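The chains referred to below are lettered A, B, ... by the order of the sequence lines, with proteins before strands, and numbering in each begins at 1. What you see is a predicted model; the values in this text were computed from it and never measured.
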Number of protein chains: 4
Amino acid sequence: MTNITLDRLNSVDETEFVAALGDMFEHAPWVAEAVRASRPFPTLASLYQAMTAAVRASGPERRLTLIRGHPDLAGKAARAGTLTADSTAEQAGAGLDRLSEEEFAAFHRLNDSYRAKFGFPFVICVRRHSKSSILRQFERRLQHDTAAELDTALDEVFRIVALRLDQRVSAPDRLKVHGRLSTHVLDTSSGRPAAGVALELLELSDAGEHRLIAQSVTNIDGRTDRPLIEQRPLPIGSYELRFAVGDYFLRQGAPLADPLFFAVVPVQFAIAEPESHYHVPLLVSPWSYSTYRGS
Amino acid sequence: MTNITLDRLNSVDETEFVAALGDMFEHAPWVAEAVRASRPFPTLASLYQAMTAAVRASGPERRLTLIRGHPDLAGKAARAGTLTADSTAEQAGAGLDRLSEEEFAAFHRLNDSYRAKFGFPFVICVRRHSKSSILRQFERRLQHDTAAELDTALDEVFRIVALRLDQRVSAPDRLKVHGRLSTHVLDTSSGRPAAGVALELLELSDAGEHRLIAQSVTNIDGRTDRPLIEQRPLPIGSYELRFAVGDYFLRQGAPLADPLFFAVVPVQFAIAEPESHYHVPLLVSPWSYSTYRGS
Amino acid sequence: MTNITLDRLNSVDETEFVAALGDMFEHAPWVAEAVRASRPFPTLASLYQAMTAAVRASGPERRLTLIRGHPDLAGKAARAGTLTADSTAEQAGAGLDRLSEEEFAAFHRLNDSYRAKFGFPFVICVRRHSKSSILRQFERRLQHDTAAELDTALDEVFRIVALRLDQRVSAPDRLKVHGRLSTHVLDTSSGRPAAGVALELLELSDAGEHRLIAQSVTNIDGRTDRPLIEQRPLPIGSYELRFAVGDYFLRQGAPLADPLFFAVVPVQFAIAEPESHYHVPLLVSPWSYSTYRGS
Amino acid sequence: MTNITLDRLNSVDETEFVAALGDMFEHAPWVAEAVRASRPFPTLASLYQAMTAAVRASGPERRLTLIRGHPDLAGKAARAGTLTADSTAEQAGAGLDRLSEEEFAAFHRLNDSYRAKFGFPFVICVRRHSKSSILRQFERRLQHDTAAELDTALDEVFRIVALRLDQRVSAPDRLKVHGRLSTHVLDTSSGRPAAGVALELLELSDAGEHRLIAQSVTNIDGRTDRPLIEQRPLPIGSYELRFAVGDYFLRQGAPLADPLFFAVVPVQFAIAEPESHYHVPLLVSPWSYSTYRGS
């Protein structure tokens, strides 16, 4: 489905409006139908607000059906290729399309336990999570009682919809669904930005895997030309930034130890707030460094 | 061979003196014989000095024979168990007794090239090196010309002897053959030493292996009760210190992000000077840390 | 004299052009006359370039006369009020209009020595200097030989003119004559910008005086709403930034020492490059802080 | 009065014992009398414990008389020279013997208010305080009710006695009455201790005065040969350590800005716990530094 402007959504007839947004809520075009008469929406936020209000105003049965419309995570439907296009893309983004047999079995087990306890599938906005974080959420939410878990599931449905709306609709305003991860390298021995420092960003799983998700080299300002992650939620999870400071200092020509005291600086940190800006700078000399959550 | 005091070495008869120190230089009791008449030695340093002077004063042929008396590193003699006791222990300490077939082949190849070029075996004081560092030295020294390499080999023989003397002889003075690696964790959010921080020291190989070589927990002063490495040369090589600061901060009860921003702080550094003191402290709050070569 | 656009300078008749720029070089309208025929100037930089080239192309006599057209610093003309408007404003900016009797005498002495040695007045672009820095330059340049000093004096004339042009002429481009001093306060105990931190910027003189030159409070981003100095060259000299971090931490409500370990953090630093950006951040917890030249 | 050993105190006759310790409590030899029969005291701590227990066991009248036996701080007796030797030395140590007329008037006013409210003089262990801190305590304690203030006054009497005992009696154990202030300078651009850094310690008063109380130069380990303050309580108050790092870096010969970015690093901090160890290190490169309460 292609992108559409808010202006156009406000001016097309009701059928076209529902056609454009009927798939925002999984298998629930009734939500788009419920808000079509409230047009025009001055902002994307007001459209989103109207849709979530329509869901909240509907009865508990309808909300339960809405939640039930979602597929299992990494479930048989995913393997069989019968998911909606959005669900397929979302699950792939978190790596749920390339699970080991063991992980697949773990998801299968958790899905069964969850459905047995609550009677509906486990819904989570996967774009806000890494694989490890999804598994952790799964286990936590299995401890909930049904009322609390229904609330949680609905919140996740709304998060999924916010991201879908943000992608589908062009509007002057944006929903706050994106985060940003950036870095900066300062050479404290020269008081200047460290240019030309190669760096890598790895996602760490609880199982000890390292997955490379970004690579860059610092520019003349000691920054990367683009944030390491942007234009999407930052997946909750553990990361390692690796800065190849040794090569940088060798190029500066100062007399150094052999081997270098610091060749690579690894910084392991976790993201907890997907919609925030995380700035993780490095202040470094050949013999010392500092890092911190900056701003 | 058991430990002996310098006093006793100074007072026993010449036969006993040579029996006690004849194996300091590999297959070369003549060095002990050469210095026995110079007794008494007021210090261990003067004994060491006399022995190395005797070697330097001997002819080039004799020095070459001395070097040739050393076994190949990780060679067939090691596999066959025909090394001297000292050589066996020294090679095992650097992990040369547990090489993969590939590594064994690499050593074999380097030994052959080296012998072919210089006509004597590659001698290195292995207790001052990690496996990766030995391989790097091997490749560097293969670039030497024969005169330079003879000097280097003799220096290494002397380093081996210094360590053997230090172990064999009790004296009021000590040869400077040991280094020390220590750490300290300070909690900059409370201005106090961080007590109870679990930490690990890993040796990193160029091939990407991690070998755990020490584990500890910080005490009330934020230090470990004993240095992480002491009473031996620090092997030249790459290391990673891992500090489990997340568990520490959770125990302090402050409100923290979930997951924690810093759960484990890894610090990768290299040792270049085996006989030095390396102090690698960590100044850490839940959101920032610094590390450096301290003193 | 009011501001004029580059477009207008390019289109007015020659008389008006010379009227508009005749005072850029002190008592030397001939420089404006020399470049009027080269119009149009596509950029302010090309106009500046043309004027300095005209001076360099003129004979040594003319250049000497140009230098001689400048008044003594803090001299009798200043006291008598007979300086050009530009010179008056420039000298006042560096505090030369409020000298103690002692300082006045020092300037008088240096002016006399300088004139006696070189036969022309000491010219310096005072907006790039503090009072202490001017005195230091005076003493250094007295060591020059005449040829070197003529070059230096001409460079200073050009710097004065660049600043005057930048102020007089509106153009799409700007001459690089301004610097910027900024700060940032990050609370490393919370991982957030420190908002509401009161801070002061003082200029320090060699004589030990402190002159308050800016005051501010950090905003929600831990920055000041405007740079501490901007839109002008940063005067070469010594400064102290004082951050009232104690009041900030008391407001955060954490348990602290009484009295606070850090109530005020003073950071003394010097500016050496008037046209650069100096960023002097503070990373601070109740028990630790770092500062550095950032970017 | 000269020093005496605990052994001797345990073995002399009762008269001599009382003669030796009768002046520990101001004008109250009865405390020494009360404990003489409890000898021998195995430790200095047990002697101190017995004396304070005797005071606590005495009636409220006797305790009030004990408190009343103390002179006014900076009062007329001090000016007239009629204090006990101990009181004179103690008051001089905190600078109470060199007050300005204004300060003398302030103390006079506070003494009068205090006596008017409580009916006894303001007692404070002046060796644990700076002048500013004494004035602050004076104002705080004026807010107490009489019962609380009697307890506070008695605690101060005991602190005074602990210090006097520690000075008078040699024993294998020591009372915990001393603190220590130390520093350390590490050059993070070279990874080595910064040797030869001149430093000063100033006491800062609330009125803005700076009083130099120690000067030193760092040794080869980057430390001062002796702690900056030791063998006494650290006076509660504000301090500034000034490190002349500019001269140090100039001697290292690296290319630096002119003027130097950091010539002097001032660190202002407060001491709140007189019996603690305060370690205030500096990690410094030509363009960055950190400081913190270390250990």
Give the interface residues of residues 234-263 of chain C toward chain D, defined by a heavy-atom separation under 4.5 Å.
Ile236(C), Arg242(C), Ala257(C), Asp258(C), Pro259(C), Leu260(C), Phe261(C), Phe262(C)
Flag the one option from Trp287(C), Tyr289(C), Phe269(C) with the top tally of heavy-atom pairs under 4.5 Å to chain D.
Tyr289(C)
With chain D, which of Arg136(C), Glu273(C), Arg140(C) has the greatest number of heavy-atom pairs at distances under 4.5 Å?
Arg140(C)
Looking at every non-hydrogen atom in both residues, tell me the closest pair between Tyr292(D) and Ser288(C) and how far apart they are.
CB-CB, 3.5 Å
Above 12 or not: heavy atoms from other molecules or residues under 6.0 Å from NE2 of His277(D)?
yes
Exceeds 12 heavy-atom contacts within 6.0 angstrom, atom NE2 of His144(C):
yes
Let's test your reading of the structure: which of Gly294(D), Pro266(D), Ser133(D) forms the most heavy-atom pairs below 4.5 Å with chain C?
Pro266(D)
Picking from Ile271(D), Val280(D), Val264(D), Thr291(D), which has the most non-hydrogen pairs under 4.5 angstrom with chain C?
Thr291(D)
Cut-off 4.5 Å, heavy atoms of chain C, and the answer for Val267(D) is both
Please list, chain by chain and in numerical order, all residues satisfying salt bridge (charged side-chain N to carboxylate O under 4.0 Å, His left out) with Arg192(C), sequence neighbours excluded.
none
